[in-house]
Amino acid sequence: MTWQNWAGTASADPARRYWPRTAEAIADAIREAVSAGLPVRALGSGHSFTPAAATSGAALDLSRWAGVISADAESGLVTVRSGTTLRSLNAALDLLGLALPNLGDIDEQTIAGAISTGTHGTGARLGGLATQVVALDLVLADGMVVSCSAEQRPDLFAAARVSLGALGVISTVTLRCVPAFALAADERPMPLQEVTARFGEFAAGNDHFEFFWFPYGKRALVKRNNRLAAEAKQVPPPLPEWRRFWEYEVMENGAFGALCRTGRALPGLIKPLNRLAAATLSKRSYSAPSHRVFVTPRRVRFVESEYEVPRDAVLDVLAELRGSVPRLADPVMFPVEVRVSAADDIWLSTAYGRESAYVAIHQYAGLPYEQYFRLFESINAAVGGRPHWGKMHTLDAEHLGVLYPRFPDFLRLRDELDPDRIFVNPYLERVLGP
Ligand SMILES: Cc1cc2nc3c(=O)[nH]c(=O)nc-3n(C[C@H](O)[C@H](O)[C@H](O)COP(=O)(O)OP(=O)(O)OC[C@H]3O[C@@H](n4cnc5c(N)ncnc54)[C@H](O)[C@@H]3O)c2cc1C
């Protein structure tokens, strides 16, 4: 059976598939694949736009290796099986009165897939999902299990949290969660000029700040989500279910999907449709449990590239994009998303060692994107931008080695743990070297 990712940008025909239900079964599958001379890839939910999980060798589908193993509400430490999706993790944490401190836009990824590519949300004082990990277990090429944390094998811990599955198969992940919290969400259109002028103020002054900008428009949709103290008196009301359905399902997916289909059939209309989409942006303020605010349904298929850039370079990147996108031969249907994150110390994390901003560009599935994405990459190259490991880019190990100070250390550890290159595929060969 052919494997395909969510975006339809990668597919593969694994020679063998395994559905392990225990950690021992993961080790057995790896040993069996090795003796058959097959490379091994762990499959998450297939939500990477890059072919990071694609394999013609042995595919380990971890969807049956899911669920919480242990949880301590007092310390917030929760250990989960690696195939657990963020959606089921959030549901389990709700029951425990806990929550992840930050999340990205969707919850369909597995915890291991999400951390392995450096998945992140937004928040100048918060890191990506991998920074919420305090320990993990990894099944190595010989089937042995190794545990790591800040105290136990700290080098492996610094490497394995964002490792693209290149060091082994993660079997369990221990996360530091926080007491469940609600967010006050404020979403409103604003002139792009104002957003860029107040970028520093918005990033510093909100727990979670991001904005979306339709490339031909002068307005952006600014999202500012802030934690509500348990004793807060002035709490915005929750969004009624009908309005949630109307805005997220009908407007952001149904109606937007229809606009995209029209644009794909009649590309000459894309610029006016894009302006129309920007003009329908409206204000909403509400409160909800954190993951109900972070996560939104994404049913309209698209392709995406995202680069991390040093935070003080982000406005230059946007100015370049704004100047050059209108000159592209093929018009762009989807908005640009801008987020922020704190620096971290994970060797291959895009936010390694610097305060970061993220710029993500998208194009509706089926519309030409190559020239747009090339232009985007050249703009980011000028500021030393680092591509998201799970989103489309063309960089190889030679380029990436310059961008990550600990790249040689990561490769040394890879040589030590996987000298025979069991955990490899063409994407990993490109980004990490053979
Ligand atoms: C609609 C959409 C929205 C998105 N939103 C965001 C966002 O807000 N922020 C963001 O940063 N990213 C976002 N992404 C990207 C996404 O979070 C990442 O690509 C993530 O890796 C997908 O997780 P997955 O479970 O689907 O992993 P997969 O794509 O299946 O796999 C990713 C990598 O992890 C490896 N892997 C999986 N499981 C294991 C394991 N147990 N052990 C070792 N390696 C493993 C795979 O081999 C592969 O190399 C989005 C993607 C989509 C399609």
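Note that this is a predicted model, so its numbers are computed, not measured. As a basis for the values below, the full set of heavy atoms in this structure was taken, side chains included, without hydrogen atoms, waters or symmetry mates. Counting convention: from 1, in listed order, for ligands and their atoms alike.
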Quick one: does [X] get within less than 4.0 Å of ligand 1, heavy atoms only?
X    : value
K391 : yes
G121 : no
A7   : no

(request) Check the side chains of S349 and Y404 for a donor-acceptor pair under 3.5 angstrom, ignoring hydrogens and angles. (result)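 Checked: Y404/S349 side chains show no N/O donor-acceptor pair below 3.5 Å.
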
(request) Provide, to 0.1 Å, the distance between atom 34 (O) of ligand 1 and the closest protein heavy atom, together with that atom's residue and name. (result)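 Going atom by atom, the protein heavy atom closest to atom 34 (O) of ligand 1 ends up being S116 CB, 3.5 Å.
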
May I ask you to check whether [X] has an N/O atom sitting below 3.5 Å from an N/O atom of ligand 1?
X    : result
R298 : no
E306 : no
L428 : no

(request) Would you please name every residue forming a ring-ring contact (aromatic ring centres under 6.0 Å, His included) with Y286, sequence neighbours left out? (result) none

(request) Check each heavy atom of F302 against ligand 1 and say whether those closer than 4.0 Å belong to the side chain, the backbone, both or neither. (result) side chain

(message) Is the contact between R339 and ligand 1 made by the side chain, the backbone, both, or neither, using heavy atoms and a 4.0 Å cut-off?
(response)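 It is the side chain that gets close, since no backbone atom is under 4.0 Å.
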
Atom pairs and distances, side-chain donor-acceptor, residues 23-31, under 3.5 Å, sequence neighbours left out:
| residue | atom | partner | partner atom | Å |
| --- | --- | --- | --- | --- |
| D28 | OD1 | R31 | NH1 | 3.4 |
| R31 | NE | D142 | O | 3.3 |

(request) Measure from atom 33 (C) of ligand 1 to every heavy atom in L129, T117, L167 and give the option owning the shortest one. (result) T117

(request) Could you check which of Q109, H47, R41 puts a non-hydrogen atom nearest to atom 17 (O) of ligand 1? (result) Q109

